[in-house]
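Computed over heavy atoms, backbone and side chain alike; hydrogens, waters and symmetry mates excluded. By convention in this document, chain letters (A, B, ...) are assigned in the order of the sequence lines, proteins followed by strands, and residues within each chain are numbered from 1.
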Amino acid sequence: MTHEATQITSPPKPSEMLLHLGPQHPLQPGPFLLDLKIEGETIREAELKIGYIHKGMEKVFEDRTYIQILPLTDRICYLASNSNNDVYCRGMEELLGIEPTDRAKYLRVLTNELCRIQSHLLGIGEYTTDVGFLTMFIYMVRERESVVSLLEAITGSRLNHNYARFGGVAQDLPPGYKEMALKSLGKLKELIKSHDDMMSSDSIYLKRTKGVGTLTAKEAGELGVAGPPLRAAGVNYDLRRLEPYLVYDELDFNVITQTDGDVFSRVKVRLLEILESIYIIEQCLDQMPSGPYKQDVTPYITRPEPGEVYSRIEDPRGEMGMYIISDGSDKPYRFRIRGPAFATAQALPPLLIGTYVADVAAIAASMDSCTSEVDR
Amino acid sequence: MGTFVELYDGIMELLVVLFSTWALAPWVRGVLGGLVIGAVFGGALVMVYLERKFLGDIQSRIGPNRVGGRFGVLQLIADAIKLFTKEDIIPAKADKWLFIGAPIVALTSGFLMVAVIPFDLLVINGKEYAVAVSRMDISILYLEAVSGLAIFAIFMAGWGSGSKYSLLAGFRNVAKMIGYEVPLGISIISVAVMAHSLDIVEIVQAQSTLWYIIAQPLGFVVFFIALLADVGRIPFDQTEAEEELVAGWATEYSGMRWGLAFFAEYLHAVVGAFIITLIFLGGWNGLPLIGNLNIPGIFWLIAKTIMVIMLFIWVRGALPRYRIDQVIDIGWKVLIPLALLNLLWSTIIGLIWA
Amino acid sequence: MGDEQAAIQVIDKTIMIELSDKFPDVVSDVDVPSPNRAIARIDPSKVHEIMQFLLDKGFDHLSCISGVDYPPDKMEVVYHVTSYSGPLVITLKASVPRDDPNIDSLCDIYWNANWYERETYELYGIKFNDCPYLKVLLLVEEMEGEWPLRKDYAGYPNPT
């Protein structure tokens with residue numbers, strides 16, 4: 001992999017032309033510009049330009065108190081808002097020297113996994129429309145609705161949940177939640193299996209996805225991607241297993257890997273991870289201890305000791321990290337967001353070279369990037 | 001039912017009287033042409049509505065349900081009003097005449113195809129009258145030729161729009177159609193060989209005992225797939241692949257100009273469904289063994305056509321899209337050999353039968 | 001599972017001792033605040049060699065590069081290096097002078113350093129020597145030279 005692969009280095013020859021996909025393009029919700037130099041339908045060079053919705057979050061956070069930052073972490077990426085809350089709260093807990101209550105830990109794992117399921121469902125859905133499979137998209141969105149309702153029952157909102165708190169969570173489970181969740185997830189499990197079956201047996205779908213956009217384990221490592229694209233290449237890298245946070249060390253689950261590293265495997269990893277997440281949630285609901293779900297005194301005005309922390313988490317899309325430097329005041333001195341989609345987006349142009357224009361949509365969507373998080 | 005049949009026969013008799021007395025009068029042909037075009041136009045509208053509802057059912061959603069009662073029957077009118085009142089934009093970089101001409105050519109090609117489609121065959125006083133705007137000896141050949149015009153329309157739009165998405169779509173369409181007109185033509189020839197005629201009316205009459213879908217199932221499959229590609233529906237809608245080329249050749253069109261282009265596509269699909277019904281599904285003949293149950297042939301024809309249209313929609317709901325190189329692969333490497341094999345088969349059967 | 005365990009054992013805190021032994025004058029203030037985190041300060045002139053050493057030792061994943069501004073006289077470039085086979089995250093901090101911040105690029109060691117370096121450059125004005133295509137990534141091109149994440153930034157256009 002050379003860096004030439006990420007740039008358009010020369011003007012097009014007479015047999016070539018530049019094709020601009022974006023910033024307004026149905027390829028993905030969220031603006032970015034993908035410049036392609038194509039010869040016929042074959043892509044010779046590709047360049048990704050980002051920053052169309054740059055929100056300057058890192059600067060904004062330096063001017064907000066710690067508790068004000070909490071709801072803003074939702075807005076990094078709405079599909080991963082629980083994970084983002086959680087990674088921020090875990091960082092702050094380390095800085096403040098507090099520990100979440102046992103029940104809160106389970107509740108956070110529960111919401112994180114629900115969040116992973118709904119993110120994967122929408123990710124797969126967007127991807128299937130990109131190969132022209134509109135029906136599957138609508139099925140996926142339909143399935144996602146039930147998961148979002150489960151999240152809504154806990155957190156009170158369908159989007160931007162803002163659930164984790166320093167040392168606890170915002171509220172406890174509603175009564176009768178376990179039965180409701182088990183019923184809904186049991187149904188989801190059957191549906192996911194049926195969709196998986198439908199996708200792995202459709203010959204057109206297989207033709208479009210097998211061997212397309214292949215990323216070997218070595219290349220994936222070099223490109224610095226994490227999450228499903230990396231696991232699809234066969235690398236067993238999952239922070240839930242590698243650096244067990246919250247209560248993941250007490251739960252039984254498999255890290256899903258595939259071997260081919262192509263578009264098909266990436267989607268397969270997501271589908272199987274949904275089933276694995278359902279399994280984790282079922283365990284959470286079984287094992288969840290009773291007790292307080294938050295600290296007796298929630299620290300609203302927090303002045304952590306000067307210090308720094310790098311906390312990270314297995315986001316639906318990969319490794320989400322936050323690097324917080326405190327100088328002893330009530331605002332962070334430096335707040336760095338290391339998003340998984342940023343790394344994935346960077347790895348996109350090299351993957352596209354040599355493929356067809358029609359594959360751009362399939363490959364880009366199978367990487368499941370999120371413009372909101374890339375631009376932060 | 002009885003009165004209905006009588007009424008129908010009465011209307012047809014009137015038509016036949018018109019035919020026989022005024023057969024050469026241009027205005028009779030004109031009126032009939034207007035009626036048929038109107039009917040097929042209506043058919044295309046019905047197809048759009050059916051597609052929305054039936055596809056909605058497949059995708060577990062409701063489809064149009066606001067305008068015109070809970071079944072949304074007036075949604076199309078609302079859409080038409082919207083399209084007519086929208087601003088008509090011609091891009092600055094467009095080749096103006098090509099840009100304007102493309103939807104017209106597309107629609108014209110659709111209407112020209114309608115001209116030779118027979119809807120029924122009436123036998124009155126021992127003479128046969130086909131209910132068609134024009135009856136030709138070589139109507140099936142003419143259909144094939146005229147449907148080819150639509151390719152020009154898409155390429156005109158692709159080049160004339162001055163947009164790279166449109167251009168790529170135009171190229172894709174030409175590449176695709178070069179591959180798919182051949183199996184389409186060969187399947188038609190197979191049918192003609194078996195029926196010993198190029199006239200659609202005679203082809204339909206030859207199927208009164210045995211439908212050609214049973215006599216040459218391979219031919220039907222090849223023709224169906226090639227027709228899907230011809231009318232540009234999923235899995236062969238590479239020319240307007242939304243996630244790749246925005247809206248393909250129609251990207252730069254707006255308002256009613258887009259509406260016409262969109263409509264031309266549905267017109268082609270409806271005419272395609274008619275052709276399949278006529279040359280493979282027995283046209284206005286009733287079911288094999290059962291006969292036509294005293295129901296006028298035109299109803300049989302329309303019922304079968306609606307079934308074929310439903311099949312189109314079902315395919316759209318169930319399949320993803322091929323990539324363009326795979327489409328061309330299938331055309332040249334699979335469909336053409338199969339079509340030739342079918343030609344051989346139908347020639348042998350046709351000889352024995354004769 | 002056996003291989004995995006073995007790999008995890010290689011990626012542990014002993015690397016910090018090795019690192020200080022290998023670069024005695026360059027690496028300082030080594031701190032291990034928690035089992036999975038290690039922090040050290042490094043000399044900016046030797047960052048290339050240190051990263052190459054870490055890569056050879058199995059730290060094959062550059063998590064992040066961040067800039068931190070400490071007015072009035074220094075800035076820090078913070079590297080988070082980790083591995084695909086172990087949980088240890090090494091935080092390496094290199095101080096650069098604020099009036100002429102520059103440091104060697106890591107693009108030839110870690111491929112994905114490219115965008116992180118471009119981001120740090122446009123937000124802090126830290127120049128990464130030999131970084132291919134060092135230009136603005138997220139900001140509009142007119143904002144090159146504004147360095148908006150510096151502490152004394154007062155809005156666009158920046159009066160300072």
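Of the listed residues (I204(A), I138(A), T135(A)), the greatest number of heavy-atom pairs within a distance under 4.5 Å of chain B belongs to I204(A). For the set A364(A), G132(A), A365(A), the count of heavy-atom pairs under 4.5 angstrom toward chain B peaks at G132(A).
Aromatic rings of H268(B) and F263(B) (six-membered ring for Trp) have centroids beyond the 6.0 Å cut-off, not under it. Ring pair F54(B)/F312(B): centre-to-centre distance not below 6.0 Å. Aromatic pair F137(A)/Y127(A): ring centres not closer than 6.0 Å.
Contacts of R142(A) with chain B are made by side-chain atoms alone, with heavy-atom separations under 4.5 Å and no backbone atom involved. Residue V141(A): no heavy atom, backbone or side chain, is found under 4.5 Å from chain B. Using a 4.5 Å cut-off between heavy atoms, Y139(A) contacts chain B through its side chain alone, with no backbone atom that close. Only the side chain of D202(A) comes within contact range of chain B, with heavy atoms under 4.5 Å apart. For I38(A), the part sitting under 4.5 Å from any heavy atom of chain B is the side chain, from C-beta outward, and nothing else. If you measure heavy-atom distances from V357(A) to chain B, the contacts under 4.5 Å come from both the backbone and the side chain.
For the residue pair Y266(B) and E51(B), a side-chain donor N or O sits within less than 3.5 Å of a side-chain acceptor on the partner. Between the side chains of S265(A) and D262(A), a donor-acceptor pair is found at a separation under 3.5 Å.
Classification of R233(B) and D237(B) as a salt-bridged pair fails, no side-chain N sitting under 4.0 Å from a carboxylate O.
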